[in-house]
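This report concerns only the one structure given below.
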Amino acid sequence: MKTYRIEDIQILNELPPKAKKGDKIAIDTEWTQMEKKKLHRPTGNFASLACTFDGKVVYLIQDSSKIKAFLDNLNDGVWIFHNAKFDIFHLRRFANIQKRMRLWDTMLIEQIMYSGYYSDFTLADLARRRLNIYLPKEERETFNEASNELTQSQLVYSAFDVVATWQVYKSQRTEIDENDLNLWKEIELPFLWVVLSLSGMKVDSQAWKILAKRNMEKAQEYRDKYPEMNLSSPEQVLKKLNELGYKKLDSTKEDYLKPILSECEFAKDLLEYRGLSKASSTYGENWIEDFMESDNRIYSDFKPIGAATGRLSSSSPNMENIPSKDTKEFRKCFIADDENVLVDADWSAQEPRIASYLSQDEKMIEIFRNKKDIYIEAARLMFGWNLSKKDPRRKELMKPTVLGASYGLTEYGMELKYQIPKKDGKRLLNAFFDTFDGMRRFRDRQYKIKTFVQTIYGRKFWLNPYQKGSENNALNSPVQGSAADALKIAAYSFLDRWGWADTNSVMVNIVHDEILIEVPEQLKDAAIQMLKDVMIEVAESMHDGIPADVEIGFGKNWADAHP
DNA sequence: GGAGACGGCGCC
DNA sequence: AAAGGGCGCCGTCTCC
């Protein structure tokens, strides 16, 4: 593997020339003293901005007052970044950058082309794979500790980075096919601007801290009850359970302990403790201290392609796993500003609808066309049951069966996860695939694929047939990924229709199939109507012939707004 | 004292 | 023999 040499490039410490339409310009920035876990927030200091038109001559400035002029000169060209979200967010601290479609992101494009095939998409990974060039990691890691002024060696390496980005672009451009290019232009590129526009969610920090304190104290009571051991240590917990006579347990996770809860006080205490411990550690005081900003809002770092399926992910903090099932207390802490309300919309039974489209299962499609509840109707067709919406069998048996059918759930999983006896689980799954035989054919067809599978809009997921779980990936990725495609299109379309804002848009959170916006109270009804319309239109144009349904609500906090 | 693996668990 | 997909974050434990 090669490394770049200084004599391969020329560094000019001046503004770039005026770009012409059609110029392809790689751009890269460097920042010093960035706070870890806050790379997505305005921390650190500007160090350099570099670009190259040809992979040889690099224009590089270190004076932040020249950023605007630098970018103005590049305006007519196509901008190439590796992880544009980062550079654009930080450049916006110095220059107004409007959403533009003349943009290429080597990271997102590589993810579009190779999700599932590779798991690492750093610039160094791409340079290694595509260019056979080694970008030294050591130098890259010196930027954080650096003082504001970069050393000569750091400047050279930042120039190498922008050259690598340009060369990776060239390599991708010759290889990318029409399908992947469309995904970029129609879905990921527009959605990138949504992520850059997101506002944070406002948090009632007082309420959160009271909650955190209570959970901490309750967790402490359990620690005091078992002073001889550490309840947070699975190893010690397993030892204790063995002493109590539960010798064949090989895990202490909740699923394995549920069967013994009625007879074992320790197991019961342990699970109580775990819940409180999780709440007070992951969602404790630190959460506020670490992430709440001076405007009382929380700004998460959303990765546009966070999962190989195409889903987003969220971190620092993760806004996708705030507790909601056992208690609404946490989501009550996410609030709207005084004159505003939160509007919260999610697609109902989104994944079963997508599965019915992909499989073209006639009976499932019929149920959705008749606007019926999929779980109730499946029970009727499978067993002749006549369930009400509140019948526990709907939630406890039918939901796992219908949803699990697109994941590859087995009767063993059903027993472990839902305490459904294996015999009954087997019966449920058999009845499901007997009744919905299109789904069985779809499943069996997907299971045979060994190369890649695609979403409705063509997003690829590369399979590794030698990897455990590959068959289920083939089954589930098109379903999960199509849902992600719809989400991205809907989020962009809504903002486009509502009125675009480059930063601090009305959109405040996105959770897989759920979109949250915060709007002035008097615009609430219009927002509800528009968001619902857009989400239904987008879903129905994707799964053509199958109606979509959106549940939408509003309120002063997230819990009340959630339908 | 930090990195990384692991067990565990929050959400969709 | 194993036994549902996708994430990110916590504490523990081990290693250096």
Side-chain angles (χ1 to χ4, degrees), chain A residues 36-37 115-116 119 215 219 223 229-238 249-257 270-271 273-284 286-287 290-291 300-303 305-327 330-331 346-352 354-355 399-418 420 422 425-426 429 443 446 453 461 463 467-481 483-484 487 509-515 558 562:
Chain A
K36 239 183 183 168
K37 304 218 161 186
S115 271
S119 55
N215 286 326
R223 286 193 198 95
M229 64 180 297
N230 182 349
L231 286 175
S232 295
S233 164
E235 193 184 314
Q236 294 179 36
V237 164
L238 190 60
L249 281 175
D250 47 14
S251 162
T252 73
K253 65 173 67 148
E254 185 174 9
D255 294 342
Y256 289 79
L257 296 184
L270 175 70
L271 291 189
Y273 166 74
R274 289 235 182 102
L276 294 162
S277 164
K278 177 85 175 177
S280 62
S281 58
T282 306
Y283 311 105
N286 284 349
W287 198 90
D290 292 347
F291 298 117
S300 174
D301 188 7
F302 286 95
K303 281 200 193 74
I305 307 180
T309 55
R311 266 194 182 174
L312 315 196
S313 74
S314 157
S315 60
S316 303
N318 186 345
M319 288 295 292
E320 296 175 332
N321 67 350
I322 305 296
S324 68
K325 282 184 180 145
D326 296 336
T327 170
F330 291 96
R331 295 201 177 195
D346 69 358
W347 280 289
S348 59
Q350 187 194 28
E351 295 202 357
I354 291 167
K399 270 190 134 177
T401 305
V402 173
L403 294 171
S406 9
Y407 297 147
L409 183 63
T410 64
E411 63 269 29
Y412 295 89
M414 287 176 112
E415 179 166 270
L416 190 57
K417 194 93 183 165
Y418 305 104
I420 299 168
K422 275 198 278 293
K426 185 91 196 147
L429 288 168
R443 181 196 66 186
Q446 295 302 108
V453 292
F461 181 106
L463 300 164
Q467 190 177 49
K468 174 168 150 298
S470 173
E471 287 190 337
N472 285 330
N473 286 149
L475 179 62
N476 185 49
S477 297
V479 180
Q480 190 182 115
L487 179 281
N509 197 9
I510 295 172
V511 189
H512 304 304
D513 66 346
E514 175 184 0
I515 294 175
W558 189 1
H562 193 62

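In what follows, chains are A, B, ... by sequence order, proteins preceding strands, each numbered from 1.
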Would Tyr407(A) count as stacking on dG5(C) if stacking means ring centres less than 5.5 angstrom apart and planes tilted under 30 degrees?
yes
Indicate, yes or no, whether a donor-acceptor pair under 3.5 Å links the base of dG4(C) to the side chain of Tyr412(A).
no
Is it true that a side-chain atom of [X] and a backbone atom of [Y] form a donor plus acceptor pair closer than 3.5 Å?
X: Glu514(A); Y: Asp346(A); value: no
X: Thr252(A); Y: Pro234(A); value: no
X: Ser277(A); Y: Tyr273(A); value: no

Could you tell me the separation between the [atom1] atom of [X] and the [atom2] atom of [N], rounded to a whole number of Å?
X: Asn476(A); N: dC12(B); atom1: CG; atom2: P; result: 16 Å
X: Glu415(A); N: dA2(C); atom1: CD; atom2: P; result: 16 Å
X: Ile305(A); N: dG6(C); atom1: CD1; atom2: P; result: 16 Å
X: Leu238(A); N: dC6(B); atom1: CG; atom2: P; result: 17 Å
X: Asp255(A); N: dG4(C); atom1: CG; atom2: P; result: 10 Å
X: Lys422(A); N: dA2(C); atom1: NZ; atom2: C1'; result: 12 Å

Sugar-phosphate only, base, or nothing, as touched by [X] at under 4.0 Å among non-hydrogen atoms:
X: Tyr256(A); value: nothing
X: Lys325(A); value: sugar-phosphate
X: Glu254(A); value: sugar-phosphate
X: Ser477(A); value: nothing
X: Gly408(A); value: sugar-phosphate

Atom [atom1] in [X], atom [atom2] in [Y]: separation rounded to 0.5 Å?
X: His512(A); Y: Trp347(A); atom1: NE2; atom2: CH2; answer: 13.0 Å
X: Thr410(A); Y: Lys417(A); atom1: OG1; atom2: NZ; answer: 12.5 Å
X: Ser324(A); Y: Arg331(A); atom1: OG; atom2: CZ; answer: 4.0 Å
X: Asn509(A); Y: Ser300(A); atom1: CG; atom2: OG; answer: 7.5 Å

List the residues meeting salt bridge (charged side-chain N to carboxylate O under 4.0 Å, His left out) with Glu471(A), not counting sequence neighbours, and say none if there are none.
none
Report, one pair per line, the protein and nucleotides 1-4 of chain B atoms (nitrogen or oxygen only) whose separation is under 3.5 Å.
none

Contact state string [nucleotides 7-16 of chain C, B base, S sugar-phosphate only, - no protein heavy atom under 4.0 Å]:
SBSSSSS---
Taking only the side-chain nitrogens and oxygens of Arg274(A), find out if one of them lies under 4.0 Å from OP1 or OP2 of dC9(B).
yes
Taking atom P in both dG7(B) and dA3(C), compute the distance separating them and give it to the nearest angstrom.
13 Å
